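Chain A is the first sequence line, chain B the second, and so forth, proteins listed ahead of strands; every chain is numbered from 1. Note that this is a predicted model, so its numbers are computed, not measured.
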Amino acid sequence: MSAVIRRVIGYAGAIALLLIGWQAASWLIASPALPGPFVALSDLWRLRSELLSETGVSAWRVTASVLLGIAIGAPLGLALGRAPRADAVFAPIVFLSYPVPKVVFLPVLLVLLGIGDASKIALISLIVFFQVLVTARDAARAIPVASVLSVRSLGADRWQVFRHVVVPAALPEIFTALRISTGTAIAVLFFSESVAGSSGLGYYIIDAWGRVAYGEMFAGIIAMALLGVVLYEFIEALELRLCRWTRAGRT
Amino acid sequence: MTDVLIDSASVTYTGVERDVRALDSLDLALGAGEAVAIIGPSGCGKSTLLLAMAGLVGLSGGSIVIDGHGVTAARLRTALILQDFGLLPWKDALHNAALGLEIRHQPLVDRTRRATEALERVGLGEFLDSYPAELSGGMRQRLGLARALALDADLLLMDEPLSALDALTREDLQDLLLELWRQRGHTSVLVTHSIEEAVFLGRRIVVMTPRPGRVHAVVENPRMGEHGYRATEEFYARCAELRRFLADEGAVHGARVAAPPAVGAS
Ligand SMILES: Nc1ncnc2c1ncn2[C@@H]1O[C@H](COP(=O)(O)OP(=O)(O)OP(=O)(O)O)[C@@H](O)[C@H]1O
Ligand SMILES: [Mg+2]
């Protein structure tokens, strides 16, 4: 309980600091492109229903993408990590395509899937997929032999080794990959929404920018930041639940 | 009852650079309910022998027959306890102890009861929901033991189970191992590097040759298991004898000298 309170206090402190810094910066720079937090927050309040629906669109896109990326990337990565023969075939493909920045495929995806949700979800899940795949594969390869042997000596078949050893052992690292790729996912979400389509926070921000409505633009930016924080906190809470043991024995 | 017949068992590992012959036609027979200690130079194939008995490493020749059945895969009532105890850090004590039963699809109520009983028996009754990281080394080893007990194992294979523990905890657990063996009468195979441990827990002590491992000699230790054996003159004499024997035969520092000729072994 006290951990939660400490967290809330931490966030409150950080927000206060950010607001002060923002206000100071806006006074210093004195440009209409950087309005102070009060202007932005009052716009946020005024446009709350519109922003809420745009946030909903963006939240759906990023959540669906992250889920899709994990659902495919994690099992595949774990399987590759535990199956040397399949790995010998697929690892070179993975390592060739991993460094290619996936955003360059946006134009292709736009042509193939249209400017709606599908192209954006495809792009973001591609990015999450690769990050989770590579991490899960490495984690599965690093599992101590003794853990596997002891479970196999109990008569475990392949699937049970997976369930009792491979998955739980790799889970903390998959969560780390998830946290990192969520940041990337939101950045790419903004990019893809601002490039194509007419919905979502990315579009909203760029649209406000085009109308020189800087207060509204910052209201959109705040909404996007909040979306990121909520997603991040959700992942954090999930990890706390699923990987309770990583906190055992620490003082 | 659980007797073990190892008949010219050989194991060859396929290495990255070259193949390694770890066991070379090893013969050994264990009676049901017997307690045997295995000692030998590092790398001579002791762990390999246990893994082969557990059905986790395939033989390249010979056979291992347990309780009348050839070993081809993991056997239901064989328990393997490794040096790091083979505990899963992500499961609490109860789930670690119940793991064997869970893998064998025992009903939840049943496995919880049996695991709880086993944990109480090794003195961990109050730590059911602790994770391994929250237990001391000795407690972790007790937990590894509880898993074997929960399975009602009749063959206990232990690979240097106590070597990571401090001297006092170690004696404590040696006493526990002995007591459990006396109560349950399981067949027990203990690999150890400690001469005292071998004499305390082995009715027979098998001395292996340097790699590729074979049985070099079997030392009888008839008074093992008697109350207070550890404090007797005879115990010390037996340890000294074994130490001298190992030194003479080059088994202790065997890795440094050439392997002795295979003739006359066992
Ligand atoms: N998975 C493996 N792949 C290849 N070679 C192996 C493997 N495991 C063991 N070996 C080799 O087989 C030989 C016997 O190994 P083993 O682990 O059985 O020895 P040990 O007697 O248990 O040694 P120690 O007392 O140091 O634990 C060693 O020379 C080792 O290099
Ligand atoms: Mg060994």
Pick whichever of A/Arg163, A/Gln160, A/Arg152 has the most heavy-atom pairs under 4.5 Å with chain B.
A/Gln160
Just give me the residue among A/Cys243, A/Gly155, A/Ala156, A/Pro168 that pairs up with chain B most often, heavy atom to heavy atom, under 4.5 Å.
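When all of A/Cys243, A/Gly155, A/Ala156, A/Pro168 are compared, A/Pro168 has the most.
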Which one of A/Leu242, A/Val165, A/Leu171 satisfies the side-chain contact (heavy atoms from CB on, under 4.5 Å) criterion with B/Trp90?
A/Val165
Nearest 0.5 Å please: distance from the [atom1] atom of [X] over to the [atom2] atom of [Y].
{"X": "A/Ser147", "Y": "B/Leu87", "atom1": "OG", "atom2": "CG", "value": "9.0 Å"}
{"X": "A/Leu149", "Y": "B/Leu50", "atom1": "CG", "atom2": "CG", "value": "11.5 Å"}
{"X": "B/Asp92", "Y": "A/Arg244", "atom1": "CG", "atom2": "CZ", "value": "8.0 Å"}
{"X": "B/Arg104", "Y": "A/Leu154", "atom1": "CZ", "atom2": "CG", "value": "6.0 Å"}

Interface residue of largest heavy-atom contact number with chain A, from B/Ala79, B/Ala54, B/Pro89, under 4.5 Å:
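Going by pairs under 4.5 Å, I would pick B/Pro89.
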Does [atom1] belonging to [X] count more than 12 external heavy atoms closer than 6.0 Å?
{"X": "A/Phe90", "atom1": "CZ", "value": "no"}
{"X": "A/Phe234", "atom1": "CZ", "value": "no"}
{"X": "B/Gln183", "atom1": "CD", "value": "yes"}

So for [X], is it side chain, backbone, both, or neither that comes closer than 4.5 Å to the heavy atoms of chain A?
{"X": "B/Leu88", "answer": "side chain"}
{"X": "B/Leu157", "answer": "neither"}
{"X": "B/Leu151", "answer": "side chain"}

Are any of the side-chain heavy atoms of B/Arg147 and A/Ser150 separated by less than 4.5 Å?
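B/Arg147 vs A/Ser150: side chains touch.
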Give the minimum heavy-atom separation between B/Leu82 and A/Ala146, together with the two atoms involved.
CD1-O, 3.8 Å
Using non-hydrogen atoms only, which part of A/Val148 is less than 4.5 Å away from chain B: side chain, backbone, both, or neither?
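Nothing of A/Val148, per the 4.5 Å heavy-atom cut-off to chain B.
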Using 4.0 Å as the upper bound for N to carboxylate O, is an ion pair formed by B/Glu134 and A/Arg247?
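So A/Arg247 does not pair with B/Glu134 through a salt bridge.
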